[in-house]
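Since this is a predicted model, take the numbers as computed values, not measurements.
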Amino acid sequence: LYRLFYLQISKNIFQLLGQPKLQLKIQKICLLYVSLDKCKQLQDDIVSRLIRELCFKKPGFKEPGHKEHNHLIYTQKEFEARLNDAKTNISAALDEHIKYLQSALESYLHIKKMIKINVPVNLIHSYQQIKEQLEQLFYPGFVSKTPLFWLRRLPAYAKAIEIRLKKSENDPRKDQLLNSEFESIHQPMVDRYPLFFKQKNFKQAIEIDKTRYLEPSLEEFRWLLEELRVSLFAQEIKTIQSVSVPRLKKKWHEINTLLG
């Protein structure tokens, strides 16, 4: 079904990407993305993301913790109706994607520059964790692989890292204390599901344990850890819901009970 939609709608998207006004924006994003992958791959990922969002997703976001379900299509008439709706909304959806991708990638490059400078000895561990966090958020193909709800949160996560870096320079001790809090809930998930944070190995993880690695509550928990980072290190930025170490520890216990 995806292939059918691709054949019908991808030409429209690529035509939009080729318009002078959008072309300049895409070129700018490509320059920001070049350290991760080729521009052609980025454009292909944007097209793939748009098709899945416009043609398969139910109207409106599903709340975190609920797996996104697609409207089933049974007839040619339903297919054509979905296709027409998608074509109507392509331009607005593309503009939105470009906007938040540019914001996220600009912050990403700024952070990369910030952590290239000489690192104070008492911040080496914090900087290493930030590097690992960046690798988990920004990697070749992240545009098409990151769940849509959380993809739109990347600018907030990147901005939170920038804020953390600035604060840590002024108060390294506080950063270490907050990080200890975070690791008390983050490390157990890393220990139990190490491949969940390594996108290049995620296909392998699914093959090893499909039941667990495709469990919606586990995926939600992985992203709520990013929200917890925001809550701990950059309170200036609003989280999507109330998060804390005790709340997530309770949720982690519930997930482990569910998955066994």
Item to check | Considering all heavy atoms, the nearest E183-Q129 contact | outcome: OE2-NE2, 2.9 Å
Next on the checklist: On a heavy-atom basis, which atom in I255 and which in S217 lie closest, and how many Å separate them?
Outcome noted: CD1-O, 3.5 Å
Next on the checklist: According to ring pair (Phe, Tyr, Trp, His ring centres under 6.0 Å), does anything in residues 239-260 pair up with another residue at least two apart or in another chain? List the pairs.
Outcome noted: F221-W252
Next on the checklist: Do the side chains of K167 and D175 get close enough for a salt bridge, i.e. N-O under 4.0 angstrom?
Outcome noted: no
Checklist entry - Going only through I, L, V, M, F, W and Y residues with side-chain contacts under 4.5 Å, is there a path from L4 to F56? => result yes
Checklist entry - How far apart are the closest heavy atoms of S231 and Q235, and which atoms are they? => result O-CG, 3.2 Å
Item to check | Close side-chain approach of L31 and Q27, heavy atoms under 4.5 Å | outcome: no
Checklist entry - Taking it one step at a time, do V47 and I9 satisfy side-chain contact (heavy atoms from CB on, under 4.5 Å)? => result CA-CA 9 Å; V47 171; I9 204 172; over 6 Å; no
Next on the checklist: Any side-chain to backbone donor/acceptor pair from E227 onto I240? Under 3.5 Å, distance only.
Outcome noted: yes
Next on the checklist: Quick one, K38 and C30 - any side-chain contact, counting heavy atoms below 4.5 Å?
Outcome noted: no
Checklist entry - Side chains of R52 and S48: does their closest heavy-atom pair fall under 4.5 Å? => result yes
Next on the checklist: Measuring from atom OG1 of T146 to atom CG of L137, what distance do you get when rounded to the nearest 0.5 angstrom?
Outcome noted: 7.5 Å
Checklist entry - Checking side chain to side chain donor-acceptor pair (under 3.5 Å) for the pair Y157/Q133: CA distance, chi angles, key distance, verdict? => result CA-CA 10 Å; Y157 300 151; Q133 183 185 1; over 6 Å; no
Checklist entry - Hey, any chance V119 and L178 share a hydrophobic cluster, counting ILVMFWY side chains that come within less than 4.5 Å of each other, even indirectly? => result yes
Checklist entry - Do the side chains of I124 and I111 join up, straight or via other hydrophobic residues, at under 4.5 Å, putting them in one cluster? => result yes
Checklist entry - Rounded to the nearest 0.5 Å, what separation is found between the CD1 atom of I237 and the CD atom of E162? => result 8.5 Å
Checklist entry - Which residue pairs pass the ring pair (Phe, Tyr, Trp, His ring centres under 6.0 Å) test with at least one member in residues 12-55, sequence neighbours excluded? => result none
Checklist entry - Is a donor on one side and an acceptor on the other found under 3.5 Å between the side chain of S244 and the backbone of R247? => result yes
Checklist entry - If we only count heavy atoms from C-beta on, is the F142 to K145 side-chain gap below 4.5 Å? => result no
Checklist entry - Yes or no on side chain to side chain donor-acceptor pair (under 3.5 Å) for Q76 and E80, after CA distance, side-chain angles and deciding distance? => result CA-CA 6 Å; Q76 178 71 19; E80 290 175 355; 3.0 Å; yes
Item to check | Smallest separation among heavy atoms of S107 and A158, with atom names | outcome: CB-CB, 3.4 Å
Next on the checklist: Measuring only between side-chain heavy atoms, which start at C-beta, is L36 closer than 4.5 Å to L105?
Outcome noted: yes
Checklist entry - Can you tell me how far CG of L50 sits from OH of Y6, rounded to the nearest 0.5 angstrom? => result 12.0 Å
Checklist outcome for this item: d(L101 CG, L154 CG) to nearest 0.5 Å is 8.0 Å
Next on the checklist: Between D45 and R49, does any side-chain N to carboxylate O distance fall below 4.0 Å?
Outcome noted: no
Item to check | Partner residues of D37 under the salt bridge (Lys or Arg N to Asp or Glu O under 4.0 Å) criterion, sequence neighbours left out | outcome: none
Item to check | Transitive ILVMFWY side-chain link L225 to V190, under 4.5 Å | outcome: yes
Item to check | Pairs flagged by ring pair (Phe, Tyr, Trp, His ring centres under 6.0 Å) wherever residues 105-136 is involved - sequence neighbours left out | outcome: Y108-F138
Checklist entry - Does the pair K166 and I163 meet the rule for a side-chain contact (heavy atoms from CB on, under 4.5 Å), with working shown? => result CA-CA 5 Å; K166 293 174 183 176; I163 292 172; 5.9 Å; no
Next on the checklist: Could you measure the distance from the CZ atom of R82 to the CG atom of L1? Nearest 0.5 Å is fine.
Outcome noted: 8.0 Å
Next on the checklist: Salt bridge check, R152 against E53: does any charged N sit closer than 4.0 Å to a carboxylate O?
Outcome noted: yes
Next on the checklist: Between R222 and E219, does any side-chain N to carboxylate O distance fall below 4.0 Å?
Outcome noted: no
Checklist entry - Is there a path from L24 to I46 through hydrophobic residues (I, L, V, M, F, W, Y) whose side chains come within less than 4.5 Å of each other? => result no
Next on the checklist: One pair to check against side-chain contact (heavy atoms from CB on, under 4.5 Å): V230 and T239. What are the steps and the verdict?
Outcome noted: CA-CA 7 Å; V230 173; T239 55; 4.0 Å; yes
Next on the checklist: When you compare the side chain of Q241 with that of V243, does any pair of heavy atoms fall below 4.5 Å?
Outcome noted: yes
Next on the checklist: If you compare all heavy atoms of I185 against all heavy atoms of L248, which two are closest, and at what distance to 0.1 Å?
Outcome noted: CD1-O, 3.7 Å
Item to check | pair L224-E220: side-chain heavy atoms closer than 4.5 Å | outcome: yes
Item to check | Interatomic distance, I13 atom CD1 to Q43 atom CD [nearest 0.5 angstrom] | outcome: 11.5 Å
Item to check | Set of ring pair (Phe, Tyr, Trp, His ring centres under 6.0 Å) partners for Y2, sequence neighbours left out | outcome: none
Item to check | Parallel, tilted or perpendicular: rings of W223 and W150 (30°, 60°) | outcome: parallel
Next on the checklist: Minimum heavy-atom separation for M114 and L165, please, with both atom names.
Outcome noted: CE-CB, 3.6 Å
Checklist entry - What residues form a ring pair (Phe, Tyr, Trp, His ring centres under 6.0 Å) with H186, not counting sequence neighbours? => result F182, F197
Item to check | Full working for side-chain contact (heavy atoms from CB on, under 4.5 Å) between N179 and R164 | outcome: CA-CA 11 Å; N179 189 60; R164 178 187 178 183; 3.5 Å; yes
Item to check | Under-4.0 Å salt bridge between E106 and K159 | outcome: no
Next on the checklist: Please check this pair: side chain of S144 against backbone of G141, looking for a donor-acceptor N/O pair closer than 3.5 Å.
Outcome noted: yes
Item to check | Expected output: side-chain E78 to main-chain T75 donor-acceptor under 3.5 Å | outcome: yes
Next on the checklist: Between Q176 and N122, is there a side-chain heavy-atom distance shorter than 4.5 Å?
Outcome noted: yes
